[in-house]
Each structure stands twice: as C-alpha cells, then as structure tokens.
Amino acid sequence: MKRAVILAGGKQYLVTEGQELEIDKLADPKAKTLAALLVINDDQISIGQPTLDGTTIDIEVIEPEILGDKVTAIRYKAKKRVHKLRGHRQKLSKIKITKISS
C-alpha cells in the first residue's frame with residue numbers, strides 16, 4: 001500500500017489513495033496536484049529535500065470552501081464584570097487523494 005506525507009496549509013498529513021480529508025482552505029481551488037514530502041511504498045521509503053522530485057499526489061477538490069466547527073475563547077473574571085467571548089469558524093477545503101505517482 002502506498003502512503004505519502006503531504007504539506008498543505010502549513011500542516012503535514014499522512015495520506016493514502018482514495019482517502020478524503022479536510023485541510024486548510026487551498027489558495028487555488030482548481031489545484032490538481034500536491035507535492036510529496038515522503039513516500040512509503042511497502043518496504044521502500046523515499047524522503048524529499050524538502051520535496052520529492054518527480055513525485056506528485058493527484059487530488060480532486062470535492063468542496064473548495066466549507067466551514068469547520070465553531071471555536072470559542074472565553075475570558076471571564078469573577079466579581080469584576082469582565083466577560084469577553086470570541087469565536088470563529090475556520091475555512092476548510094475537502095479533497096480526495098486519487099493517485100500517488102512516483
């Protein structure tokens with residue numbers, strides 16, 4: 001089974017062919033490929049410096065922009081009438097890994 005480590009949105013993900021995952025919003029929603037940092041093919045491991053030349057991860061963008069779960073941050077001080085509530089929803093892209101080519 002082929003597995004690869006990709007870099008998307010400043011985070012690294014370990015992916016396999018056919019896997020669907022939510023990553024930080026892609027800068028280019030029409031992107032078709034991502035670069036591989038590391039490829040594991042059964043017993044053989046290939047490591048890039050920083051990426052592997054000639055190795056691409058073909059992707060299919062299922063949804064270019066979705067909203068993640070709401071994250072809230074609360075600041076509260078008892079008996080001081082201090083109560084601050086902040087929150088946001090991260091923008092994500094849902095992709096499917098179609099092929100790991102080396």
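Since we're looking at a predicted model, the values are computed, not measured.
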In the single-linkage hydrophobic clustering (I, L, V, M, F, W, Y; side-chain heavy atoms under 4.5 Å), do I57 and V61 co-cluster?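 Yes, I57 and V61 fall within the same hydrophobic cluster.
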
Spacing of [atom1] belonging to [X] relative to [atom2] belonging to [Y], to within rounding of 0.5 Å:
{"X": "S93", "Y": "I59", "atom1": "OG", "atom2": "CD1", "result": "8.5 Å"}
{"X": "S46", "Y": "I40", "atom1": "OG", "atom2": "CD1", "result": "9.5 Å"}
{"X": "R3", "Y": "I97", "atom1": "CZ", "atom2": "CD1", "result": "14.0 Å"}
{"X": "Q49", "Y": "L37", "atom1": "CD", "atom2": "CG", "result": "11.0 Å"}

Heavy-atom pair of closest approach, residues L92 and G68: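 Looking at all heavy atoms of both residues, the shortest contact is CD1-CA, 3.7 Å.
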
Please write out which residues are connected to [X] in a hydrophobic cluster, directly or through intermediates, given that two of Ile, Leu, Val, Met, Phe, Trp, Tyr count as joined at side-chain heavy-atom separations below 4.5 angstrom.
{"X": "L67", "result": "none"}
{"X": "Y76", "result": "I74, L85"}
{"X": "L52", "result": "V39"}

Scan residues 66-86 for pairs that pass salt bridge (Lys or Arg N to Asp or Glu O under 4.0 Å), counting only residues two or more places apart or in two chains.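 Found none.
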
Are the side chain of T98 and the backbone of D58 linked by a donor-acceptor contact shorter than 3.5 Å?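 Pair found, side chain donor or acceptor close to backbone of D58.
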
Residues which pass side-chain hydrogen bond (donor to acceptor under 3.5 Å, both in side chains) with E65, listed by chain and number, not counting sequence neighbours: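 Only K25 meet the side-chain hydrogen bond (donor to acceptor under 3.5 Å, both in side chains) criterion with E65.
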
Is the number of heavy atoms from other residues, nucleotides or ligands under 6.0 Å of K2 NZ greater than 12?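 Yes, the 6.0 Å shell around NZ holds more than 12 heavy atoms from other groups.
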
Pair T56-L34, side-chain contact (heavy atoms from CB on, under 4.5 Å): steps then yes or no: CA-CA 6 Å; T56 58; L34 292 173; over 6 Å; no

Contacts under 3.5 angstrom, residues 5-22 side chains, donor-acceptor by atom type, not counting sequence neighbours:
| unit_1 | atom_1 | unit_2 | atom_2 | d |
| --- | --- | --- | --- | --- |
| E17 | OE2 | I100 | N | 3.1 |
| Q19 | OE1 | T16 | N | 3.0 |

